[in-house]
2 protein chains.
Amino acid sequence: MERIQEEDDLLMYCLYFTASRFARNISKLADDAIDGELAPSYYYLMLVVHFHPGITQKELSERLSLAPSTSTRFLDKLEKLGLIQRDVIGKQSHITLTSSGEEAYTEFRQSLKTLFANYASILGKEESELLSKTLHEANEQLEKK
Amino acid sequence: MERIQEEDDLLMYCLYFTASRFARNISKLADDAIDGELAPSYYYLMLVVHFHPGITQKELSERLSLAPSTSTRFLDKLEKLGLIQRDVIGKQSHITLTSSGEEAYTEFRQSLKTLFANYASILGKEESELLSKTLHEANEQLEKK
DNA sequence: CACTATCATGTGTATATACAACTATTAAGG
DNA sequence: CCTTAATAGTTGTATATACACATGATAGTG
C-alpha cells in the first residue's frame, strides 16, 4: 500500500514521464484530426513558413525547436512533394510555400479547428488553453537554459 | 503585426505542438541527469517492475502507456543486458528485475533526485510539481477517451 | 589578400515509438 | 470434445527526431 503510493508518486511527479506520455497520446488525437498525408509536425512547419515567407532554415528550426538536421529532413520531404521551395543564397537557404503548399496550409487550418474542438471537448476549453500556455512558458524557461 | 500575433497564438495554443516540444526539451534534461547507459524510458519501465515483480507485459504496457510492441523491444534489450527476466507462462510473460536490474534501479533512484532538483531549479518546485500533476490528469482524460 | 574561425546546411547513423499483420495460447459455445 | 473467438506477445516496417561529423560559405584579422 505504502509501496503503491510511492510508485504512483514517482510516476505522477516526474515531468519527463508525464510530459512524454502526454505528448505521445495527444499526437494520436492530432493525427486523427489532421486528414492530410503528413504527420502534424510538417503542417506546423508550413504554418511558420506561411507567416514568414523566405525564412531561413536556421530561424525556422529555432521557432519550432527542432534540430537543424531534422528540419533538413522535413524540408527534403516537403520539397519532394512540391509543397515548399528552397532558395539557396550563399550558405543559407530561404524557404517559401509553393502554391500547393499554401493550399495544403489552408486545409490544415480547417483541421486545426477540429483539433482544437477535440481538445476542448475532452479537457475543457479553458483547461486545454491554460495547459498549452503553461507548457509554452515552461518550455521557454527550459530553453533559456 | 496582426499576422505575427496570429502565428504566435496558433503555436502557443496548440497542445499538440506545445506538448511535443516540451517533451523533447525535457528529455534532454532527463538524459543529462540520468547517467546510466540507457534512455530514461527504460528506467521507468524498471521502476514499475520493481514495484510489481512478476507483472505481465500487458499490464506493464498499460501502466506506462506504451504500445505492446514497444514494450517487447524494451524488454528484449533489458533482457540482453541481464537487467530483467521473463518467465513465460502460457501466453503471458511475467517480468522481474534481476539482481543487477535492482542495482541499476537503485542508481536510477539517485539520479531521479538530481533530475527533480533540476526541474525545480529551472521551473520552480511548486510549478513543476503542479505541471506534472496536471499532465498526469489530462492524460487520464485522454485515455478514458 | 590569405588564413583561419565561425556558421548554415546536409549526411550517416542511431533510437524511441507506433501500427499492422502474424503466431501461439487460452476461453467459450454448440 | 471440437471449432471459433479472443487475447498476449512478437516481428516487419515506418517515422520523427537527434547527435556527431562533413562540407561549403562567409567574415574577420594579420
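Naming convention: chains lettered A, B, ... in sequence-line order (proteins, then strands); numbering from 1 in each chain.
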S.K.: In whole Å, what is the span from the CG atom of A:Leu45 to the P atom of D:dT17?
M.R.: 10 Å
S.K.: Grab the CG-C1' distance between B:Leu64 and C:dA16 for me, whole Å please.
M.R.: 13 Å
S.K.: Under 4.0 Å: is that the gap between some side-chain N or O of B:Ser41 and OP1 or OP2 of C:dT17?
M.R.: yes
S.K.: Atom CZ of A:Phe74 to atom P of D:dT15: distance rounded to whole Å?
M.R.: 12 Å
S.K.: Would you say the side chains of B:Ser41 and A:Tyr16 form a donor-acceptor pair under 3.5 Å?
M.R.: yes
S.K.: Mind calculating the distance between CG (B:Leu60) and P (C:dT17) to the nearest angstrom?
M.R.: 13 Å
S.K.: Rounded at 0.5 Å granularity, tell me how far CZ in A:Phe74 sits from CG in A:Leu83.
M.R.: 13.5 Å
S.K.: Taking for each residue the nucleotide of DNA chain D with the nearest heavy atom, is it B:Ser69 or A:Ala67 whose nucleotide lies nearer the 5' end?
M.R.: B:Ser69
S.K.: At under 4.0 Å, does any side-chain N or O of A:Tyr42 touch on OP1 or OP2 of D:dT15?
M.R.: no
S.K.: Between A:Thr70 and D:dT17, is there a contact of a side-chain N or O with OP1 or OP2 at under 4.0 Å?
M.R.: no
S.K.: Just by distance, do the side chain of A:Thr18 and the backbone of A:Met12 share a donor-acceptor pair under 3.5 Å?
M.R.: no
S.K.: For the pair made of CG in B:Asn25 and C1' in D:dC19, what is the distance, rounded to whole Å?
M.R.: 15 Å
S.K.: When you measure from the side chain of A:Arg73, which nucleotide among D:dA16, C:dT17, C:dT13 comes out closest?
M.R.: C:dT13
S.K.: Kindly state which residues belonging to residues 85-93 of chain A come within less than 4.0 angstrom of DNA chain D, counting heavy atoms of the residue only, listed by number.
M.R.: A:Gly90, A:Lys91
S.K.: Given 3.5 Å as the limit, does a donor-acceptor pair link the side chain of B:Ser71 with the main chain of B:Leu60, or not?
M.R.: no
S.K.: Filter on salt bridge (Lys or Arg N to Asp or Glu O under 4.0 Å), then keep only pairs touching residues 107-135 of chain A, sequence neighbours left out; what's left?
M.R.: A:Arg109-B:Glu6, A:Lys125-A:Glu129
S.K.: For the pair made of NZ in B:Lys58 and P in D:dA6, what is the distance, rounded to whole Å?
M.R.: 14 Å
S.K.: Can you identify which nucleotide, out of C:dA16, D:dG9, D:dT11, has its nearest atom closest to the B:Gln57 side chain?
M.R.: D:dG9
S.K.: Tell me the interatomic distance from A:Tyr43, atom OH, to D:dT15, atom P, rounded to whole angstroms.
M.R.: 14 Å
S.K.: If you look only at distance, which donor and acceptor atoms sit under 3.5 Å apart when one is on a side chain in residues 84-91 of chain A and the other is two or more places apart or in another chain?
M.R.:
| residue | atom | partner | partner atom | Å |
| --- | --- | --- | --- | --- |
| A:Gln85 | NE2 | A:Asp87 | OD1 | 3.4 |
| A:Arg86 | NE | A:Glu79 | OE1 | 3.2 |
| A:Arg86 | NH2 | A:Asp76 | OD1 | 2.3 |
| A:Arg86 | NH2 | A:Glu79 | OE1 | 3.3 |

S.K.: Can you measure A:Asp31 atom CG to D:dA14 atom P for me and round it to whole angstrom units?
M.R.: 17 Å
S.K.: So, does the side chain of A:Arg24 form a donor-acceptor pair with the base of D:dT17 at under 3.5 Å?
M.R.: no
S.K.: Taking the nucleotide of DNA chain C with the nearest heavy atom to each, does A:Lys28 or A:Thr56 sit closer to the 5' end?
M.R.: A:Thr56
S.K.: Do the side chain of B:Ser27 and the main chain of B:Ala23 share a donor and acceptor less than 3.5 angstrom apart?
M.R.: yes
